[in-house]
Protein chains: 2
Amino acid sequence: MADGEGKGAGKARVAEELASSLREQIVDGAIGAGDALPSERELAAKFEVNRSSVREALHRLEAVGLIEMKHGGATRVRDVLVSAGLHLLPFLVARGGRLDPAWLRDVLEVRVMFLSWCGEQAARRASADDVERLEAIAHELVEVHSGQRRGGAKALMSLDWDFFAALVAVTQNRVLALLTNVVREVHTRDPAKFKAIYEDGAFEPKHLVRAVDAVRKRDAAGAALAMRAHGEGALVALFPPNARGKR
Amino acid sequence: MADGEGKGAGKARVAEELASSLREQIVDGAIGAGDALPSERELAAKFEVNRSSVREALHRLEAVGLIEMKHGGATRVRDVLVSAGLHLLPFLVARGGRLDPAWLRDVLEVRVMFLSWCGEQAARRASADDVERLEAIAHELVEVHSGQRRGGAKALMSLDWDFFAALVAVTQNRVLALLTNVVREVHTRDPAKFKAIYEDGAFEPKHLVRAVDAVRKRDAAGAALAMRAHGEGALVALFPPNARGKR
DNA sequence: GAGCGTCAAGTGGTCCGACCACGATCGCCC
DNA sequence: GGGCGATCGTGGTCGGACCACTTGACGCTC
């Protein structure tokens, strides 16, 4: 977030460009955890930018836990998995212009957990208005999916996100709201990448309809199961079961 | 992370101090979403620091989605709940030196989800070694809890975290690993704040023992239930059931 | 009077060069 | 050889200048 705006060919700020370059090298392992980065002065010379800009770029990387700057000592790369925050997710999942299958799978797995839990909590806390709102989105999804309304995969993806966001709102859990902001980053950074999920026939609005029904009846377990099924649809479609259980 | 080091009276970097001050004002609502911050030059004058330092502080806030800087326009405060990332959690939960009950509750709720899911996934993927490692920690917990070994609440807290971290490792899900890094921030920023959870008798190692058994038997549902019970112990202890269901 | 182009002021973005504070290292002294 | 201090290189701060961009007020046209 914040530093988003990853528009294709837009003019990027100098600092963001440098940060992006370094981030890529680190994420791809070209620099490696524990290694020391060149000094700020060296980087400034190499990239032909001012040291201030270098510092700004480095600070961005430090903010997400990618590097560690120590006064007097060298600036070193940290181990992504033990120090980086979720802000890095978008860059890990969509690295080098392609989706990384391993990371995508991990994301989809966690997504199943989220969806299931959101369903459960929503069933406990939804007001009549909330149910109505969810139902409206689910209804639209069914129409688009069945072809009664146009829009195709793009519309499905957008509506599916709306449903998820609405569900999160219903849970009234603000930690989940923050988490959703991060997920949105992954989701919207490059929507085209995820379109496949909605094109392979993996998307099935029926689970969402079931979930809405369960929420209306305050059936927490039922809502959880329905949302879990929804999430596993995408997971199974992209990672067939016969390959599961082993990693 | 990274900008952590919230040591009590330590010498803080100029930029970090300013960032901390502004962050507090924003989180406390003293500035309000949508409002414009004073210009960088004004802030520099008011805080008697260089504009470079002001910019560094602002960039830190921008990195976590707290503010939005626009070239040529004003720097405005964003709505925390729709744009901030999880990096803010530590500051939201422990704001003004005290734990915010509402946020703490949201955190504990999400914790239940994590624990439950970790248990489930761990049961599916644990190797014999993994089980052994988990069991060792659980065993230590039982000993400390029963008084056979000393350490008290502090040791319980530490071991409980170790168990959680080990469980996350067993799931082999890297997204969860990143998430855990953030949780660790909340957890370790000021451990004393959370000690109450382990002192009220809310902590019950028996659930963890059950979870380990379930994992050994590859009983995913059982492990999920045990870990859920573990998480709900803390939730129920701090937020009695009679107050639940309504917010 | 309404609409629109122009321009000036103010903002954030970048650059430069200098100095300060701190860590690590090497080499001297004991 | 072991301890210790000068030195060098690092990140941190400073200040002041200029560039790029947004904004809004002004004055012009119609």
Side-chain angles (χ1 to χ4, degrees), chain A residues 1-7 9-23 26 31 34-78 83, chain B residues 1-7 9-23 26 31 34-78 83:
Chain A
M1 49 215 45
D3 54 353
E5 338 298 347
K7 290 300 182 63
K11 74 288 167 84
R13 301 259 156 284
V14 174
E16 174 54 27
E17 203 161 354
L18 210 190
S20 185
S21 168
L22 289 175
R23 179 170 43 225
I26 295 173
I31 302 196
D35 291 356
L37 254 52
S39 76
E40 300 180 349
R41 292 165 176 85
E42 281 180 60
L43 285 173
K46 185 180 305 179
F47 285 83
E48 295 181 322
V49 296
N50 190 271
R51 193 180 148 212
S52 311
S53 302
V54 172
R55 284 181 59 72
E56 185 180 326
L58 292 180
H59 282 306
R60 292 188 185 214
L61 300 185
E62 189 193 25
V64 297
L66 256 191
I67 63 176
E68 179 177 20
M69 306 173 75
K70 195 168 53 173
H71 190 172
T75 296
R76 300 189 167 278
V77 175
R78 304 175 69 178
S83 61
Chain B
M1 49 216 52
D3 53 357
E5 337 299 345
K7 290 301 179 63
K11 73 293 163 82
R13 302 256 157 282
V14 174
E16 175 54 27
E17 203 161 356
L18 211 190
S20 184
S21 168
L22 289 175
R23 177 170 43 225
I26 295 173
I31 302 195
D35 290 357
L37 253 51
S39 76
E40 299 179 349
R41 291 164 178 86
E42 281 180 61
L43 286 173
K46 186 181 303 178
F47 286 83
E48 294 180 322
V49 296
N50 190 275
R51 195 182 145 209
S52 312
S53 303
V54 172
R55 284 180 60 70
E56 186 181 325
L58 292 180
H59 283 307
R60 293 190 183 211
L61 301 185
E62 189 194 24
V64 296
L66 255 191
I67 63 176
E68 179 177 20
M69 305 173 78
K70 194 168 55 174
H71 191 172
T75 295
R76 300 188 167 279
V77 175
R78 304 176 72 177
S83 60

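Letters A, B, ... mirror the listed sequences (proteins, then strands); counts begin at 1.
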Tell me whether the side-chain N/O atoms of [X] come closer than 4.0 Å to OP1 or OP2 in [N].
X	N	result
A:Lys70	C:dA24	yes
B:Ser52	D:dG15	no
B:Arg51	D:dC14	no
A:Thr75	D:dG11	yes
A:Arg13	C:dT14	no

Gap between atoms [atom1] and [atom2], on [X] and [N] respectively (whole Å):
X	N	atom1	atom2	result
A:Leu18	C:dT14	CG	P	11 Å
A:Arg76	D:dT10	CZ	C1'	12 Å
B:Leu58	C:dT11	CG	P	13 Å
B:Glu56	C:dG13	CD	C1'	16 Å
A:Arg55	D:dT10	CZ	P	14 Å
A:His71	C:dC22	NE2	C1'	5 Å

The helix from C:dG1-D:dC30 to C:dC30-D:dG1: angle between end helix axes, five pairs per end, rounded to 10 degrees
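End-to-end axis angle: 0°.
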Please identify each residue that fulfils side-chain contact (heavy atoms from CB on, under 4.5 Å) with [X], with sequence neighbours left out.
X	value
A:Arg41	A:Ser39, A:Arg51
B:Ala45	none
B:Ser20	B:Glu16, B:Arg23
B:Asn50	B:Ser52, B:Ser53

Side chain to side chain contact (heavy atoms under 4.5 Å, CB included) between A:Leu66 and A:Val77: does it pass, once the steps are laid out?
CA-CA 6 Å; A:Leu66 256 191; A:Val77 175; 5.6 Å; no
Whichever of A:His59 and A:Gly72 has its nearest DNA chain D nucleotide further upstream toward 5'
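The residue closer to the strand's 5' end, by nearest nucleotide, is A:Gly72.
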Nearest 0.5 Å please: distance from the CD1 atom of B:Ile67 over to the CZ atom of B:Arg60.
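Here the interatomic distance stands at 12.5 Å.
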Of the residues in residues 37-50 of chain B, which ones touch DNA chain C at a heavy-atom distance under 4.0 Å?
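Nucleic-acid contacts, sorted: B:Ser39, B:Glu40, B:Arg41, B:Glu42.
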Determine, step by step, whether A:His59 and B:His59 satisfy the side chain to side chain contact (heavy atoms under 4.5 Å, CB included) criterion, reporting the C-alpha distance in whole Å, the side-chain angles of both residues, the deciding distance to 0.1 Å, and the verdict.
CA-CA 8 Å; A:His59 282 306; B:His59 283 307; 5.6 Å; no
